[in-house]
Amino acid sequence: MKFAKSYEPGDKEPEIYAAWEASGAFRPKVPQYPVNDASSRGVDAEKGLDQSKYYSIVMPPPNANGNLHIGHGLTVALEDSLTRYYRLRGRSAWYIPGADHAGFETWVVYEKSLEKIGKSRFEYSRDELYAQVWDFVEEQRGNMELQLRALGASCAWDDLTFTLDENVVARVYKTFEKMWNDGMIYRGEKLVNYCSKHRTAFADIEVEHKDEKGMLWEIAYPIVEDDSNQNFSEARPSGPSLRADGAQARRSSASSEKFDVESSSALVVSTTRPETLFGDVAVAVNPEDERYKDLIGKHVRLPLTKREIPVIADEHADMEYGTGVVKITPAHDYDDFEVGERHDLPRVQVIGEDGLMLDAAGPNYAGLTTEECRKKVLKDLKEQGLLRGEKKIEHAVAHCYKCGTVIEPMLKEQWFIDVEKLAELAIERLEKGEIKFFPASKKKVLVNYLRGLKDWNISRQIPWGIAIPMFRKVNEDATDSPDWVFDTRTNLTEIEVGGVKYMRDEDTFDTWFSSAHWPMVCTDWVEGVPNPYYPLNVMETGADILFAWVARMIMIGVYVTGEVPFREVYLHGLVLDEHGQKMSKSKGNVINPMELVTKYGSDAFRLGILRGRSAGMNQAFSENSVVSGRNLCNKLWNVARLVDDIVSEDDDFDTCTTLNTGEDWICRELDVCREKVELDMLNYRFAEAVETLYSTIWDKYADWFLESQKIYRNSPLLKKTLEMILVMLHPFAPFVTEAIWQNLSWTEDMIITQKWPAKLEYDPMTAGEFERIREVVNEARATLQVIEGGKRWKILYGDDSLVAENAELICKLTGVPAVESCEGQPRGLRLATMNSEAYLDVPEKVVAKYRATLEEKILAVGRELDALNARMMNPAYVDKAPVHLVKQTQDGIKEKQALIERLKKQLEVI
RNA sequence: GGUUCCUUAGCUCAGUUGGCUAGAGCGUACGAUUCACAUUCGUAAGGUCACAGGUUCGAGCCCUGUAGGAACCACCA
């Protein structure tokens with residue numbers, strides 16, 4: 001086949017991908033199914049599984065509903081390189097693709113589209129909505145899969161797992177049931193992060209804290225002087241939270257409507273949220289605070305209401321902050337919630353799930369938005385003379401990470417996982433070193449996070465997700481039966497158990513709860529059945545979801561399977577724009593990976609995005625690096641074009657041996673390259689592996705070896721070395737290497753299923769000789785560049801067999817008109833560095849002009865010599881440094897001295 | 001407040017258990033051209049390795065501190 005003059009990726013990529021897919025190359029050689037047939041999976045009953053034969057990696061499932069972004073591009077580049085590398089290494093490699101229902105993300109998109117047609121989610125039942133979103137996702141799906149194909153992902157499409165697939169749901173329910181039975185699931189009324197726009201709760205991790213400017217107001221709470229010793233908390237009936245009608249608050253028997261500002265004393269509290277005042281159930285001062293010690297146990301009147309609330313002592317009150325007095329609103333603040341628990345205070349909820357004030361705020365305020373209410377409260381307080389001050393401050397405010405709405409801590413009954421045991425299990429495995437992290441530092445970060453982990457709220461109030469398999473008793477009279485039952489019949493809204501009716505809980509699971517099962521569901525893990533693909537060899541994902549995902553996979557994985565879900569974790573950082581800025585729509589600096597693939601080809605994109613990247617680090621990325629990737633592809637294409645040309649002309653012998661100059665050398669260089677790439681892949685040093693291949697192909701194979709082969713043609717070696725290069729680059733640039741493979745006149749099959757190269761044989765002495773030729777050529781080139789006349793001059797050689805034997809090659813590489821014998825009469829400018837008997841045949845007056853350069857060179861070498869001498873003068877160095885280094889220094893001194901001698905001699909001639 | 005990371009050429013980054021004169025790509029300057037490739041080839045300039053101490057025969061690398069930057073967690077009434 002004829003090679004075109006340049007490589008055009010666009011024409012070939014889809015065709016190549018289709019051929020790979022059709023050939024079955026993406027499927028693992030040893031399938032995991034049928035799951036119960038252990039013998040077909042190489043399981044030896046005696047020895048168990050030989051893990052070194054398999055390689056498993058899962059794709060962090062992209063949103064089924066979306067397009068791939070640059071982060072996915074990086075993910076595929078990393079994961080597919082690993083997959084293809086281990087496939088070439090002979091493993092049964094299984095790269096399992098996935099698609100994420102992306103609960104909340106997709107829901108937000110869908111809800112927006114509902115809004116557009118003037119509908120609201122509240123017009124439909126949950127099941128209706130679920131069906132609608134399913135269709136919506138189904139329509140959009142496929143996009144993402146096409147894009148993964150364009151990126152060259154060699155994943156097993158037959159095994160694509162969708163996060164709502166039956167087996168996923170079944171597994172999630174099994175785990176939930178196990179936890180329920182183990183007492184690790186509880187329903188609790190707690191403060192949860194609540195977005196009033198999306199009307200759902202979030203896990204702590206889904207909330208974004210932003211520093212914002214705000215106000216700190218000081219509000220006077222009048223002290224009730226005729227305080228009896230009636231205790232607030234005793235007056236309240238025990239039980240769960242109190243809905244806030246204020247009934248439990250002690251009524252002021254003789255409270256005057258108007259507070260006399262002048263004559264009465266008051267406690268001044270500091271607050272950023274005056275609108276929650278109606279939910280106050282106490283004010284707290286620090287027990288150490290001398291200013292307020294006498295007031296502890298007394299009561300104050302809650303402004304704008306007739307309620308009286310106690311003054312309590314609690315460490316939470318910071319003496320330094322504001323006035324040192326803090327209002328306690330357990331239903332709307334996390335700290336206050338805890339204070340409330342410590343002091344057994346009621347919880348008065350004043351803000352509803354729609355973000356509007358509840359009746360508990362009183363008739364004047366109920367129904368207002370929190371913002372309107374704040375304004376009115378402030379105005380009313382001012383009128384009554386109770387607003388004592390305001391101060392601008394900066395504080396962190398929680399926002400919904402999707403819509404930016406301020407997150408309201410909301411009192412809600414939700415399902416929680418008691419994470420204590422889970423975290424403990426995970427920490428134990430991590431500390432045993434069962435999972436290796438890249439970068440290593442992330443392990444510490446993870447353990448630290450797990451140590452402080454709070455219980456996990458897994459309820460979400462959105463229809464798009466896996467239904468929580470819990471049913472609540474309808475009939476309160478059936479006292480013997482449990483309030484809640486676990487049941488997997490979540491397709492029903494109502495079930496009957498033991499003659500008692502139960503209603504389905506309408507909430508769905510936090511997406512991360514189901515994603516935590518990913519490694520086991522993707523690999524079809526079944527209890528008691530040996531599975532060569534579980535644990536995964538590696539989990540590759542973004543460092544930003546270390547806590548949300550990686551932590552949870554480990555906890556759930558160990559809890560369910562008793563094994564860590566993966567042996568290694570590679571975390572990639574963010575892809576930043578070329579100035580190191582985070583990409584965002586608002587900044588307009590978003591790079592679309594598909595555009596780059598279209599423009600430069602998939603390989604160029606992959607090579608480009610891997611360049612300069614290291615584990616866990618955010619890294620800048622620009623089109624430039626893709627251009628350089630494209631250039632490498634074209635270079636390789638032309639290398640192949642030349643090789644194919646040479647071998648087709650001259651193809652009459654078959655044994656592959658090294659015969660001529662440069663051949664042992666290239667074998668050595670390729671072998672060094674191979675070893676380095678192997679080591680780099682073992683350590684997930686992708687950028688270094690690419691770098692090594694780049695310079696080996698370009699600077700060594702093309703620039704030196706192929707140039708030498710234009711003179712000495714060794715077809716078998718050319719074939720073998722080219723194949724080796726192609727195979728080694730294949731994991732990173734799959735398309736161009738396959739395109740070349742298909743185009744070469746002698747190759748068979750496909751490169752994707754070839755074998756990784758074995759060690760090459762070569763003669764190190766001969767390899768070293770070529771190194772000398774390179775040095776002579778380099779010196780000649782550099783010198784010719786600066787002397788008058790440039791390449792006009794010939795090169796002469798004296799008693800130097802290496803130069804004599806390679807005269808033609810040196811002539812070609814330096815571009816001089818001739819390389820010939822000096823016939824026993826050395827003259828001109830000596831190429832002295834390598835102690836070769838080679839001279840640039842330049843007249844004396846040109847050499848004279850070179851004098852200054854020569855003198856400078858002598859000085860430079862002299863400085864190097866001095867440094868080496870100084871080292872040898874140090875007795876401690878000679879004494880303590882390793883012998884080979886000392887010898888190296890000694891040799892270096894001899895060499896430098898000899899070089900200076902040669903240069904000085906040259907100077908004398910002038 | 002806690003945890004972690006980063007600071008090396010104009011830019012983006014390598015530099016693996018400390019070991020010769022600290023590297024690459026891009027960019028810059030100069031030069032080349034019927035030859036596989038202008039998506040090319042050659043040559044060069046460009047660095048107090050953030051700073052200050054310490055350990056060591058020897059430090060970009062290890063230790064301590066300082067400065068600057070970033071991320072995450074918790075909190076900010």
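Just so we're on the same page: letters track the sequence lines, and every chain starts at 1. Just so it is clear, the model here is predicted, and its values are computed rather than measured.
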Checking all strands, does [X] fall into the base, sugar-phosphate, or nothing category for heavy-atom contacts under 4.0 angstrom?
X	value
Lys442(A)	nothing
Pro882(A)	base
Asn286(A)	nothing
Asn624(A)	sugar-phosphate
Glu864(A)	base
Arg630(A)	base
Lys454(A)	sugar-phosphate
Val445(A)	sugar-phosphate
Glu8(A)	base
Arg871(A)	sugar-phosphate

Can you check the [X] [atom1] to [N] [atom2] distance for me, whole Å?
X	N	atom1	atom2	answer
Asn193(A)	rC73(B)	CG	P	12 Å
Asn631(A)	rC41(B)	CG	P	9 Å
Met617(A)	rC72(B)	CE	C1'	15 Å
Leu868(A)	rG58(B)	CG	C1'	14 Å
Arg685(A)	rA24(B)	CZ	P	17 Å
Leu574(A)	rA70(B)	CG	C1'	11 Å

Shortest side-chain distance from [X], nucleotide among [options]:
X	options	value
Phe547(A)	rG25(B), rC37(B), rC72(B)	rC72(B)
Gln785(A)	rG25(B), rU4(B), rU43(B)	rU43(B)
Arg781(A)	rC35(B), rU43(B), rA36(B)	rU43(B)
Asn448(A)	rA14(B), rU3(B), rC75(B)	rU3(B)
Asn634(A)	rC41(B), rA74(B), rU39(B)	rU39(B)
Ala620(A)	rU43(B), rC57(B), rU12(B)	rU12(B)
Ala702(A)	rA36(B), rC37(B), rC13(B)	rA36(B)
Ser628(A)	rU4(B), rG25(B), rA14(B)	rG25(B)
Leu642(A)	rC57(B), rC13(B), rA36(B)	rA36(B)
Glu691(A)	rC57(B), rC37(B), rA24(B)	rA24(B)

Do side-chain atoms of [X] reach the backbone of [Y] as a donor and acceptor pair under 3.5 angstrom?
X	Y	answer
Glu408(A)	Ile351(A)	no
Asn638(A)	Ser6(A)	no
Asn286(A)	Met319(A)	no

Seminar exercise, completed: Assert: residue with more 5' nearest nucleotide on RNA chain B, out of Ser441(A) and Val326(A), is Ser441(A)
Exercise. Tyr7(A) or Leu216(A): which one's nearest nucleotide on RNA chain B is closer to the 5' end?
Worked result: Tyr7(A)
Please determine if a side-chain N or O atom of [X] lies less than 4.0 Å away from the OP1 or OP2 oxygen of [N].
X	N	answer
Asn618(A)	rC6(B)	no
Gln619(A)	rA14(B)	yes
Trp698(A)	rC41(B)	yes
Lys710(A)	rA36(B)	yes
Ser625(A)	rC26(B)	no
Lys2(A)	rA36(B)	no
Lys635(A)	rC41(B)	yes

Could you please name the partner base of [N], counting Watson-Crick and G-U wobble pairs only when both distances are under 3.5 Å?
N	value
rU56(B)	none
rC61(B)	none
rU48(B)	none
rG18(B)	none
rC41(B)	rG31(B)
rC72(B)	rG2(B)
rA24(B)	rU12(B)

Exercise. Is Leu277(A) close to Tyr221(A) at the side-chain level, that is, under 4.5 Å between some pair of heavy atoms?
Worked result: yes
Exercise. Is the closest side-chain heavy-atom distance between Tyr877(A) and Thr889(A) below 4.5 Å?
Worked result: yes
Between [N] and [M], how many Å separate the two [atom1] atoms, rounded to a whole number?
N	M	atom1	value
rU4(B)	rC63(B)	P	13 Å
rU48(B)	rA44(B)	C1'	23 Å
rU40(B)	rG54(B)	P	50 Å
rA52(B)	rC61(B)	P	13 Å
rC75(B)	rG15(B)	P	36 Å
rU55(B)	rU64(B)	C1'	11 Å
rA32(B)	rG69(B)	C1'	44 Å
rU16(B)	rU56(B)	P	23 Å

Please check if the number of heavy atoms outside [X] that lie under 6.0 Å from its [atom1] is greater than 12.
X	atom1	value
Glu431(A)	CD	yes
Glu808(A)	CD	no
Glu895(A)	CD	no

Problem set entry | Side-chain ion pair, Asp891(A) and Lys887(A), N-O less than 4.0 Å | yes
Exercise. Between the base of rA36(B) and the side chain of Glu707(A), is there any donor-acceptor pair under 3.5 Å?
Worked result: yes
Exercise. Is it the case that Glu218(A) and Thr323(A) place a side-chain donor and acceptor less than 3.5 Å from each other?
Worked result: no
